[in-house]
Amino acid sequence: MSALKADVIIVGGGFMGAASAFFLRQRGVSVILLERGLIGQQASGVNFGNVRRQGRAIEQLPLANRSREIWVRLKELIGEDVELMLSGHLRVGYRPVHAERLETYARDAEPYGLGLQMMTAQAVRKRFPLLGPEVTAGCYAPHDGHANPRLAAPAFGRAAVRAGAQVFENTEIVHMEKMGDDFEVQAADGRHFAAPAVLVTAGAWGDRISAAFGEPVPLQVKGPQMCVTEPVPYAIAPTIGVATDVPEEIVYFRQVARGNIVIGGGGHEPVDMENRRAHVHPRRTLMTLGQLPRVVPTFNRLSIIRVWSGIEGYMQDSRPVMGPSARVPGLYYAFGFSGHGFQLGPGVGDVMAELIHTGATSTPIGQYRIGRFAEPVAQAA
């Protein structure tokens, strides 16, 4: 059977992969996108949906800013509504150390144009009267917001198809190697694909592919704990989260236009990688619900109508793997975004398309090179 060919093969149809396919087509590059299940079915479709820049590592803000420029024109760009609401993002704290942390971040992030507004306890409750007495400080990001993760990646996938990308769902890859100038990729059903460049956007499975090319990375898989309430009267515009380093206190939530409140927190659970299953532990949900009234006391009687989890890849240093392979020409990576990838999705796709097409990027990503994991070994040798 002859191989189907393109300029680039993308392995993994999550948000990063779908966005990369779209932006490669915008540059006139032919693309084959291969996804084992459905586009956006894994972590890209089950995350919280935060479209935030506040709280990110400062080094990541240039990439987040590039992504925001795409988010604000997303409907015009891809022709679909992903329920984007740029209604702000509020981080709150209970103790003086929380206020200090928020103030330090606001100061460090100032050059990047987030427009962060520090608020005292009195000011934050005056602006957001639903907040409870334990909230002693807040930092408001007026230009952040949230969107529906179940819609975003599939919308980019459809836009990529309309732009000329070849997208193959339910296509499991069983073998991939570089033969001469091309990568040859074989699917479980016997189909073959070939291209001189491969982009790996396989999320929590990305490390398996990089290891097969001699580039192992320290990636850990975890299942976030999510739930959503019954619809209640719309009262909360911004996404709200607690800026704490105490795991048991972590809770974040957002209200959608229909009135449902999406809630995350409570830590993570192990996942079943072989069967692609992640589970919610009732203890985690109850822990989160116990913390919610500390932020908004009137949330003490909410009814949960659904819980879910997903499979996310977390890097040891919390930095993604993004950029070219250190060993194999034509091989590129974008995975391991450690639970912070949703807002970055469009920007990552745009940057990776630029890198593959031109050999360089106008947004700095050198700190995410995969070679950083091999350097200590080389030095020891």
Side-chain angles (χ1 to χ4, degrees), residues 2-35 39-40 44 62-63 65-80 82 152-169 171 173 176 178-185 187 191-202 206 209 320-325 328-335 341 344-366 368-369:
S2 61
L4 184 62
K5 295 187 175 182
D7 296 325
V8 180
I9 292 173
I10 300 175
V11 180
F15 203 175
M16 312 299 182
S20 296
F22 175 79
F23 286 112
L24 281 166
R25 287 303 304 141
Q26 298 299 296
R27 292 175 173 271
V29 179
S30 60
V31 181
I32 293 172
L33 173 59
L34 306 176
E35 163 55 38
I39 299 297
S44 295
L63 178 59
N65 281 345
R66 180 164 178 168
S67 199
R68 184 185 186 278
E69 292 174 2
I70 300 170
W71 276 106
V72 297
R73 57 187 181 93
L74 196 62
K75 192 170 184 179
E76 171 190 353
L77 188 67
I78 66 174
E80 296 195 38
V82 299
F156 259 103
R158 289 187 291 269
V161 170
R162 291 193 294 270
Q166 300 179 77
V167 175
F168 298 91
E169 296 180 306
T171 301
I173 302 305
M176 179 167 59
K178 190 167 188 182
M179 302 287 289
D181 293 333
D182 282 348
F183 290 87
E184 296 189 3
V185 181
R191 286 177 294 168
H192 288 76
F193 308 89
V198 165
L199 170 59
V200 178
T201 54
I209 301 176
V321 173
M322 186 176 173
S325 164
V328 184
L331 180 62
Y332 301 85
Y333 302 112
F335 67 87
L344 298 177
V348 170
D350 196 25
V351 167
M352 294 309 299
E354 179 187 26
L355 176 62
I356 294 170
H357 185 236
T358 70
T361 71
S362 53
T363 300
I365 59 170
Y368 305 136
R369 65 193 186 284

side-chain contact (heavy atoms from CB on, under 4.5 Å) evaluation trace for Val8 with Tyr332: CA-CA 10 Å; Val8 180; Tyr332 301 85; over 6 Å; no
Heavy-atom pair with the smallest gap, counting every atom of Ala155 and Val82: CB-CG1, 4.0 Å
For residues 153-169, pull every pair meeting salt bridge (Lys or Arg N to Asp or Glu O under 4.0 Å), keeping only residues two or more places apart or in separate chains. Glu80-Arg158, Glu80-Arg162
Contact summary for Ser20 and Met352, nearest pair of heavy atoms: OG-CB, 4.0 Å
Sequence neighbours excluded, the answer for side-chain contact (heavy atoms from CB on, under 4.5 Å) partners of Glu69 is none
The reported gap from CE in Met322 to CE in Met16 (rounded to nearest 0.5 angstrom) is 8.0 Å
Shortest non-hydrogen contact between Phe335 and Val200, atoms and distance: CD2-O, 4.1 Å
When you measure from the side chain of Thr363 to the backbone N and O of Leu63, does any donor-acceptor pair fall under 3.5 Å? no
Taking atom CD of Gln166 and atom CZ of Arg25, what is their separation to the nearest 0.5 Å? 9.5 Å
Any sub-3.5 Å donor-acceptor pair from Ser30's side-chain atoms to Ala6's backbone N or O? no
Would you compute the distance between atom CZ of Phe183 and atom CD1 of Ile9 and round it to the nearest 0.5 angstrom? 9.0 Å
Tell me whether Thr201 contacts the main-chain N or O of Gly12 through its side chain, where contact means a donor paired with an acceptor under 3.5 Å. yes
Going from CG on Leu24 to CG on Asp7, what distance comes out if it is rounded to the nearest 0.5 angstrom? 9.0 Å
Closest non-hydrogen contact found for Ala153 with Ala18 is O-CB, 3.7 Å
OH/Tyr333 to CG/Leu199 distance, rounded to the nearest 0.5 angstrom? 10.5 Å
Parallel, tilted or perpendicular: ring planes of Phe15 versus Trp71, cut at 30 and 60 degrees: perpendicular
No-hydrogen, no-angle side-chain donor-acceptor test under 3.5 Å, Arg66 and Ser362: yes
Atom pair CG/CD1 of Leu331 and Ile356 - distance to nearest 0.5 Å: 9.5 Å
Taking the inter-plane angle between the rings of Phe156 and Phe23 on a 0 to 90° scale, is it parallel (under 30°), tilted (30 to 60°) or perpendicular (over 60°)? tilted
What residue among Thr171, Leu34, Leu4 forms side chain to side chain contact (heavy atoms under 4.5 Å, CB included) with Val185? Leu34
Which heavy-atom pair separates Ala163 from Gln26 by the least distance, and what is that distance? CB-NE2, 4.1 Å
Checking Val198 against Val328 for the side-chain contact (heavy atoms from CB on, under 4.5 Å) test, could you report, in this order, the C-alpha distance in whole Å, the side-chain angles of both residues, the deciding distance, and whether it holds? CA-CA 10 Å; Val198 165; Val328 184; over 6 Å; no
Nearest heavy-atom pair of Ile39 and Pro154: which atoms, and what distance? O-CG, 3.6 Å
